[in-house]
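Structure first, then comments.
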Amino acid sequence: MSDVLLSLLALVITLGLLISFHEFGHFWVARRLGVKVLRFSVGFGKPLWLRRGKVDDTEYAIAAIPLGGYVRMLDEREGPVAAVERHRAFNRQSVWTRIAIVVAGPLCNLLLAVLLYWLVYMLGVSGTRPLLDDPPADTAAAAAGLQRGDEIMAVGGEPTPTLDAVVLALVDHALGDGEIELTVRDATGRSLRRVLSIQGGRGWDEDGQVLDKLGLRLWRPEYVPTIERLVPGGAAERAGLRAGDRLLAANGKPLRNWEEWVEVVRAHPGRAIAVTVERDGRKLELSLTPQSVDDPRLGRIGQIGAVGQVPPEALERLRVEVRYGPVAALGEAVARTWQMSLFTLRMLGRMLVGTASLENLSGPLTIAQYAGQSVSYGLVAFLSFLAVISISLGVLNLLPIPVLDGGHLLYYLIELVKGSPLSETAQNLGQRLGLAVLIMLMGLALFNDLARLLG
């Protein structure tokens, strides 16, 4: 299956699942609180599939535009309601009932994230051990006294068993001025406290290079990089490389390991690299031009279609797996969902006040790319991706923007304070303003998507 088709399929599954859970939250609570549901739709526009249920003749639909969904309830503001059913109309319900129905959608997305993370932690999360090399001079890591062999155990008191957890925690802490406290275990096994001093982390979130900005270099075992296999028709095969070739140097610089070779390849999209290889005891000089590709996280990079042969002992030193039993996994899932929800809120707040870049907003194209990549990495990666997107959907829908669930909640909270609903004029004005804001945000997200693809 091509990358494009895989990404599209993964996007459809992602949106279908998350939208269904969100709308089911509204639907389920409305039914339980006695409100009549007229239609449950996944997607907007013309229904591609439609059937009627046995209860209340509720219509269940899958529509043509898969970028959302809705639950249509009986409501006197949308049409005449028979006298015998007025008590089941949404507009006739108490403000607390309406709040419960509206908030149920986002909460269902957060509950789905808990479920997904619960499965992930029971299946086991494989990652890279956050083991450090000597930092470059004149960096925050060097000033903090970090050394080769140190392993980051916690950031700001938050345990970080994998490199991904370290990066997430650092991004969260490094967007302002101040200090980041690390707990590290040195090569002798001692637990030490190290403090990274940062000045102006603005923009660090844009390129994902927070480790480089702080001077945190990952430890890599030294071994002669060897090609294990080649992708047929790839740049490496076309250049004359073969499985079993040992890569000695690139552009005259000796290679210590496969990661250094990957860095050279990524840094030369569409540009020739002079490669020195050893084959059957003889040295050969080859010219290799990596294919230029766009990566949603790294931007434009080089790619050659080759897989490296890494010594098993090196993999064992760097690999870590986090796995829990059912009860402990549930606790970790709740904590992770809470952490990611707060992180999403903080990032949105920083974008609002200008301390984080608006380039962080992503639309369907970027989501599709990440969805396809996560599927190719395996079940655990895809479940983790679904959890992150589900949290984003839940948090975004709680923002106090009319048209979103959070906008309706704002109206109801105002109603609680003033003792009566906002006027129809005020609500309609709010809806128009909210729709304008939403269109601008969607336009910006799509612009960012296209900039990543074309930049």
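Treat the numbers as computed from the prediction; the structure is a model and nothing was measured. These numbers come from the heavy atoms of this one structure, side chains and all, not from hydrogens, waters or symmetry mates.
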field: Audit row: V114, W338, side chain to side chain contact (heavy atoms under 4.5 Å, CB included) steps and yes/no
entry: CA-CA 9 Å; V114 171; W338 175 252; over 6 Å; no
- request: Apply the test side chain to side chain contact (heavy atoms under 4.5 Å, CB included) to residues L416 and W96: give CA-CA distance (whole Å), side-chain angles for both, the deciding distance (0.1 Å), then the verdict.
  value: CA-CA 9 Å; L416 281 174; W96 288 110; 3.7 Å; yes
message: Using the rule given for side chain to side chain contact (heavy atoms under 4.5 Å, CB included), can you reason through R336 versus V120, listing the C-alpha separation, both sets of side-chain angles and the distance that settles it, and then say yes or no?
response: CA-CA 11 Å; R336 181 67 168 177; V120 164; over 6 Å; no
- request: Kindly determine whether L170 and L216 satisfy side chain to side chain contact (heavy atoms under 4.5 Å, CB included), including the steps that lead there.
  value: CA-CA 11 Å; L170 288 175; L216 295 171; 3.6 Å; yes
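Checked by atom type and distance alone, the side chain of T58 pairs as donor or acceptor with a backbone atom of V37 at under 3.5 Å. Remark: side-chain polar atoms of R323 are paired, donor with acceptor, to backbone N or O of L123 under 3.5 angstrom.
With contacts defined as side-chain heavy-atom distances shorter than 4.5 Å, the pair L218/E259 does not qualify. Proximity of M340 to V395: side-chain heavy atoms (C-beta onward) are nowhere separated by under 4.5 Å. At least one side-chain heavy atom of R98 sits under 4.5 Å from a side-chain heavy atom of F90. In this structure, F385 and V375 have side chains that are not in contact, with every pair of non-hydrogen atoms separated by 4.5 Å or more. At a threshold of 4.5 Å between non-hydrogen side-chain atoms, the residues L413 and V417 do not count as touching. Contact check for V437 versus L433: no side-chain heavy atoms found under the 4.5 Å cut-off. Residues F27 and E23 fail the side-chain proximity criterion, which asks for heavy atoms closer than 4.5 Å. Within the 4.5 Å cutoff, the side chain of L168 has heavy atoms near those of the Q339 side chain.
Within the model, atoms OG1 of T183 and CD of E151 stand 12.0 Å from one another, a figure rounded to the nearest 0.5 Å. Here the straight-line distance linking atom OG of S392 with atom CG of L348 works out to 8.0 Å at 0.5 Å rounding. Summarising the geometry, atom CD1 belonging to I19 is positioned 10.0 Å from atom OG1 belonging to T14; distances are rounded to the nearest 0.5 Å. Atom CG of L386 sits about 11.0 Å away from atom CG of N109, to the nearest 0.5 Å. Annotation: the span from L393 atom CG to L110 atom CG amounts to 9.0 Å, rounded to 0.5 Å. Interatomic distance, Y60 OH to W49 CH2, rounded to the nearest 0.5 Å: 9.0 Å.
Summarising the local packing, NZ of K418 is surrounded by more than 12 heavy atoms from other residues, nucleotides or ligands at distances under 6.0 Å. Counting non-hydrogen atoms of neighbouring residues, nucleotides and ligands closer than 6.0 angstrom, the CZ atom of R346 exceeds 12 such neighbours. Heavy atoms from other residues, nucleotides or ligands lying under 6.0 Å from CD of Q303 number 12 at most. No more than 12 heavy-atom neighbours from other residues, nucleotides or ligands sit within 6.0 angstrom of CH2 on W118.
P130 and V166 make their closest contact through CB-CG2, 3.7 Å (heavy atoms, listed as atom of the first residue, atom of the second, distance). Of all non-hydrogen atoms in W258 and A306, the two that sit nearest each other are CZ2-O, 3.9 Å. Across all non-hydrogen atoms, the minimal contact from G157 to A154 is C-CB, 4.2 Å. Here the closest heavy-atom approach between residue A140 and residue S197 is recorded as CB-O, 3.5 Å. Listed here is the closest heavy atom pair of A63 and S41: CB-OG, 4.1 Å. Closest approach of V264 and H268 over heavy atoms only: O-ND1, 2.7 Å.
Residues passing the side chain to side chain donor-acceptor pair (under 3.5 Å) test with D186, sequence neighbours excluded: T188, R190.
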Compile the donor-acceptor pairs under 3.5 Å between side chains in residues 75-84 and protein atoms, sequence neighbours left out, one pair per line.
| unit_1 | atom_1 | unit_2 | atom_2 | d |
| --- | --- | --- | --- | --- |
| D75 | OD1 | R77 | N | 2.8 |
| D75 | OD1 | R77 | NE | 2.9 |
| D75 | OD2 | R77 | NE | 3.3 |
| D75 | OD2 | R77 | NH2 | 2.6 |
| E76 | OE1 | N91 | ND2 | 2.8 |
| E76 | OE1 | R92 | NE | 2.7 |
| E76 | OE2 | R92 | NH2 | 3.1 |

Per-pair distances, 0.1 Å, donor-acceptor, side chain in residues 398-411, under 3.5 Å, sequence neighbours excluded:
| unit_1 | atom_1 | unit_2 | atom_2 | d |
| --- | --- | --- | --- | --- |
| D405 | OD2 | H22 | NE2 | 3.0 |
| D405 | OD2 | H26 | NE2 | 3.3 |
| Y411 | OH | Q427 | O | 3.1 |

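When L146, L131, T160 are each tested for a side chain to side chain contact (heavy atoms under 4.5 Å, CB included) with I152, only one passes: T160.
For R88 and D56, the salt-bridge test passes: some basic side-chain N is under 4.0 Å from an acidic carboxylate O.
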